There are 2 protein chains.
Amino acid sequence: MKLPVSTEWLLHCATSLAQLKPGDTASAAQLAQYYDLPAAYLAKQLQALVRAGVLSATTGPRGGFRLARPASEITLLQIVEAVDGTSSPYECREIRQQGRGALSPDECRNPCILAEKMAEAHEAWRLSLAATSLAEIIAALPPSAPPRTRRRLTGAP
Amino acid sequence: MKLPVSTEWLLHCATSLAQLKPGDTASAAQLAQYYDLPAAYLAKQLQALVRAGVLSATTGPRGGFRLARPASEITLLQIVEAVDGTSSPYECREIRQQGRGALSPDECRNPCILAEKMAEAHEAWRLSLAATSLAEIIAALPPSAPPRTRRRLTGAP
DNA sequence: GTTCGGGTACTCGGATAGAAGGTGTCCGAGTGAATGAGG
DNA sequence: CCTCATTCACTCGGACACCTTCTATCCGAGTACCCGAAC
């Protein structure tokens, strides 16, 4: 069970975008320089956040990415699931219905207990991530962080 | 983020082994037939549970696998982590210290907040899985299940 | 001075190769039990 | 009938290919801005 490395990238990028002034954008190239990441691949992953409705993209000069909604309404879960998908890591393939020990369809009316327990754990994970919004992450940073982030993102010395 | 398919196999196999009479064993071939799984690969994964101390293996005729401890002391988490490893799915590579926006080592004295939140979610997942033991899984089955499982595992008609 | 048109440079977006880890398979080393002969 | 050495079949354990997914890269389509000329 491994999350893509790009998960970290996008969590940090979203945090950076949340520190911009409303209406401002940052391009994929700027974000890539800010964190020293492969620009093309980062752009590809940012598109996933656009498709998920977390970011909105503008083309052309002075274009780039910005948050599609207020930072207080974007949770860590939404970002992670935009990158990695929403499916559960445990996929029940109903092996209890196969082989010599196969259960009758009648005995499988209620779902597999093991699958239920795994789903509960996944739900606990999701709830934990959904409990934190980007706004709370920003609030935990020192007050000097946002201006500095803006400065360094735009490339100003 | 995807768990190996073999996770389901081993959760079910451990459940089956927990239904044996104390001291009895089941071979990898028997378990594979019971669930219609590739026997060689299942054996390879069962070894992982042996290395983790969840199962114990006996070679030679009438040998096989059995629980290394009482079912009440084996949690779902121990089985899952034996298969998939104990590392967190989110790996913080400290990209905040790289690139144009790199933070000074002094500002990185306390760990990255995002990494902390991701670790909290993983811990919630682990706690949820650790809360259920194999004994509780068995207790939820109908009383007729264990004898039937034993019969079908050994190949008796 | 204002307005309009074209050019340009910059942006995202999707289609295309390479690498890592899970999946599946194979064969060898070791062991405990069953067997047969001998006492 | 009991004992013991031998054989054997069965078990696990580790080493070797294949395939899906993540990683990385490239180039094309579209667009907002900037500049120049005309009014």
Side-chain angles (χ1 to χ4, degrees), chain A residues 1-10 13 17 23-33 35-66 68 80 82-85 87 89-91 93 95 153-155, chain B residues 1-10 13 17 23-33 35-52 54-66 68 80-85 87 89-91 93 95 153-155:
Chain A
M1 189 171 54
K2 210 179 55 175
L3 281 169
V5 178
S6 47
T7 308
E8 181 183 7
W9 304 358
L10 293 183
C13 285
L17 290 175
D24 276 6
T25 63
S27 70
Q30 287 175 326
L31 289 167
Q33 280 202 351
Y35 290 114
D36 191 23
L37 302 175
Y41 186 41
L42 176 63
K44 180 176 176 53
Q45 304 294 4
L46 285 166
Q47 294 168 23
L49 288 205
V50 173
R51 279 193 295 272
V54 175
L55 302 184
S56 74
T58 328
T59 65
R62 317 259 316 161
F65 297 91
R66 98 195 77 201
V80 171
V83 181
D84 192 57
S87 59
Y90 180 84
E91 186 183 355
R93 301 195 180 181
I95 65 171
L153 254 182
T154 56
Chain B
M1 189 171 55
K2 211 176 57 175
L3 281 169
V5 178
S6 45
T7 308
E8 181 183 7
W9 304 357
L10 292 183
C13 284
L17 290 175
D24 276 8
T25 64
S27 70
Q30 287 174 326
L31 288 167
Q33 281 202 350
Y35 290 114
D36 191 22
L37 301 175
Y41 186 40
L42 176 64
K44 180 177 175 56
Q45 305 294 5
L46 285 166
Q47 293 168 24
L49 287 204
V50 173
R51 279 192 295 269
V54 175
L55 302 184
S56 73
T58 328
T59 63
R62 316 263 311 165
F65 297 92
R66 97 194 78 200
V80 171
E81 289 197 333
V83 180
D84 193 55
S87 59
Y90 180 84
E91 185 183 356
R93 300 194 180 181
I95 66 171
L153 255 181
T154 57

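Just so it is clear, the structure is predicted and the values come from calculations on it, not from any experiment. Letters A, B, ... mirror the listed sequences (proteins, then strands); counts begin at 1.
B/Ser27 contributes a side-chain N or O that, together with a main-chain N or O of B/Gln30, makes up a donor-acceptor pair within less than 3.5 Å. Under a 3.5 Å cut-off, the side chain of B/Thr25 and the backbone N or O of B/Gly63 do form a donor-acceptor pair. The main-chain N or O of A/Val5 is never found under 3.5 Å from a side-chain atom of B/Glu91 such that the two would form a donor-acceptor pair.
Spacing between atom CH2 of B/Trp9 and atom P of C/dG22 amounts to 13 Å, rounded to whole angstrom units. Rounding to whole angstrom units, CG of residue B/Leu37 and P of C/dG24 are separated by 9 Å. Residue B/Arg66 contributes atom CZ, which lies 13 Å from atom C1' of D/dT11 at whole-angstrom precision. One can place CD of B/Glu8 at 18 Å from P of C/dG22, the figure rounded to the nearest angstrom. Rounding to whole angstrom units, CG of residue B/Leu42 and P of D/dT11 are separated by 13 Å. Distance, B/Asp36 CG to C/dG24 C1': 14 Å, rounded to whole Å.
Annotation: side-chain hydrogen bond (donor to acceptor under 3.5 Å, both in side chains) contacts of B/Thr58 (sequence neighbours excluded): B/Arg66.
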Kindly give the atom pairs (protein nitrogen or oxygen, nucleotide nitrogen or oxygen) under 3.5 Å for nucleotides 19-22 of chain D.
none

I'd like a table of atom pairs between the protein and nucleotides 4-14 of chain C - only N or O on both sides, under 3.5 Å - with the distance next to each one.
from, atom 1, to, atom 2, distance (Å)
C/dT11, O4', A/Gly60, O, 3.1
C/dC12, OP1, A/Ala28, N, 3.2
C/dG13, N7, A/Gln47, NE2, 3.3
C/dG14, OP2, A/Gln47, OE1, 3.3
C/dG14, OP2, A/Arg51, NH1, 3.4

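Nearest heavy-atom pair across B/Met1 and A/Met1 is CG-CG, 3.1 Å. Here the closest heavy-atom approach between residue A/Ala28 and residue A/Ala43 is recorded as CB-CB, 3.8 Å. The heavy-atom pair separating A/Ser6 from A/Tyr41 by the smallest distance is OG-OH, 4.3 Å.
One distance of note links NZ of B/Lys2 with NZ of A/Lys2; it measures 12.0 Å at 0.5 Å rounding.
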